[in-house]
Amino acid sequence: MKQSISVIGLGYVGLPLALTFSQNGYRVVGIDVDIQKIRLIMSGKSYLTDINDNTIKSEADSGRFTATDDYSAIAETDVIIICVPTPLDEQHAPDLSYLVNAGTMIKQHIRSGHLIILESSTYPGTTKEVLKPLFDQEGLEAGKDYYLGYSPERIDPGNRQYSFKEIPKIISGVTEACAQKIYELYKTIFDHVVPVSSSEVAELAKLLENSYRFVNISFINEFAILCDQLKIDVWEVIEAAGTKPYGFSKFFPGPGVGGHCIPVDPLYLQWKAKKIGSGSVFIEASAAVNNRMPAYIVSQVKAHLPASLSKDARILVVGAAYKNDIHDVRESASLALMKLLSQEGFRLNYHDPYVTQITLDGFKYRSVDLTEEYLQNTDCVIIATGHSQLPIESIINHATFVFDTRNLTKGLSGKAKIIRLGGGS
Ligand SMILES: NC(=O)c1ccc[n+]([C@@H]2O[C@H](COP(=O)([O-])OP(=O)(O)OC[C@H]3O[C@@H](n4cnc5c(N)ncnc54)[C@H](O)[C@@H]3O)[C@@H](O)[C@H]2O)c1
């Protein structure tokens, strides 16, 4: 008989993982402290753009998938997968309070033979130094009484190119026996399982992947500014360089980085590096470059607005989510851009097909409709997120000035004056 699974934390990572196990015939209990999410799931409603209501309904109707806020449910399952948030605290240090809370609840219901897998992104050493001691306190031995390991989640919300099971899955255990148990389970779900020699390697691999993106995005952002100064189009340069079949990967400029991973994970690495008396100059420099992108965009918008308008122009920011085709606004660079525009005194509004409402500096904004009339009455439209369903033709034909940070207007022309970030104008 197949093992039964508890998934702790039903967010962007946990809910798709729980449903994937359920779709593969496992009995799954999702556990979350957010009672609102439990209610939505139990009424067959999805709160993620990548998951439709029918998927939740059919797994719940099959009797395999259920959700609760009651941790005692884990005693009835064989495997516990932890997908809780790992954000930064106010000092920009790792905030593992969600993980410690989850581990503390798990240890109250742990039983012999339980397999516990951490999926949340974190610094090397967390599984052994933070999670394992919680179970050690109960007098339990990993690899004998229970099994513990780390497997970083690599889901990319909004990405339709790779299905969940096609993304190779790194796995590790705190002992050989632990790694073996995870391997046997995950090979039934994922096409490629990649075992590594320790939980620290798996933890650090995840931080390397996201720090690599962080550093490269910051470099291309700095490069875009340089291209503006050189009066050369960065987008054409990237396309040209991208024809090299080896040794070059394309990254694209924008208002900065966002989400729960790219702006956060490198700081977990930096924190760990500083703990051992070291540090990464690349991470420090990258954070500085990315953080100044909103100010650069505002300065460019001001430079291209008619002088009579620059003080209190009506600006519409298109896109609040941190990346295309999702509704996640966590750490979104669009929000940083909007805050700055509002602080500068511009009359600000936004449109996002996925985000109906945001709060900035205590003020609530509702997404406005992109009607012809609205576009005509706006002095500048800033495209901040490259959602694929945006009506670009209508924007460039009805607005007067479009500042495009995502190259969505590539090859297009219309009534509007169009300036692209890094476009060399
Ligand atoms: N979002 C992504 O694209 C992505 C990709 C790869 C890895 N990750 C990592 O996965 C982890 C989870 O990220 P996410 O985006 O799914 O976060 P999320 O905020 O969308 O979901 C986390 C869920 O955990 C719940 N939760 C918090 N504390 C809990 C507790 N003690 N017990 C039970 N539930 C609890 C929250 O209510 C929430 O529903 C993070 O470490 C993140 O860095 C995220």
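Start at 1 and go down the list; that is how both ligands and their atoms are numbered.
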Heavy-atom nearest neighbour of atom 26 (N) of ligand 1 within options V100, T86, V33, I82:
V33

Quick check on contacts: which atoms of ligand 1 are under 4.0 angstrom from a heavy atom of P85?
19 (O), 22 (C), 24 (O), 27 (C)

Heavy-atom contacts with P157 under 4.0 Å: which atoms of ligand 1 show up? List them by number with element.
3 (O)

Should you measure from each heavy atom of I8, which atoms of ligand 1 turn up under 4.0 Å away?
32 (N), 33 (C)

Salt bridge between R420 and D404, side-chain N to carboxylate O under 4.0 Å?
no

Under 4.0 Å between heavy atoms, the region of R330 that gets near ligand 1 turns out to be side chain

Tell me, which protein residue and heavy-atom name are nearest atom 2 (C) of ligand 1, and how many Å apart are they?
C261 SG, 3.9 Å

Is the closest side-chain donor-acceptor distance between S120 and E153 under 3.5 Å?
no

How does C83 reach ligand 1, if at all, at less than 4.0 Å between non-hydrogen atoms: by side chain, backbone, both, or neither?
backbone

Suppose I only count heavy atoms of D34 and a 4.0 Å limit; which atoms of ligand 1 are within that range?
37 (O)

Output yes when D78 and R111 qualify as a salt bridge under the 4.0 Å nitrogen-oxygen rule, no when they do not.
yes

Can the ring centres of F219 and F251 be said to be less than 6.0 Å apart?
no

Do any heavy atoms of M105 fall under 4.0 Å from ligand 1?
no

Just need the protein heavy atom nearest to atom 13 (O) of ligand 1, so name the residue and atom and give the distance.
H260 CD2, 3.6 Å

Would you kindly check if the NZ (Lys) or CZ (Arg) of K272 is within the cone defined by 45 degrees around the ring axis of Y123 and under 6.0 Å from the six-membered ring centre?
no

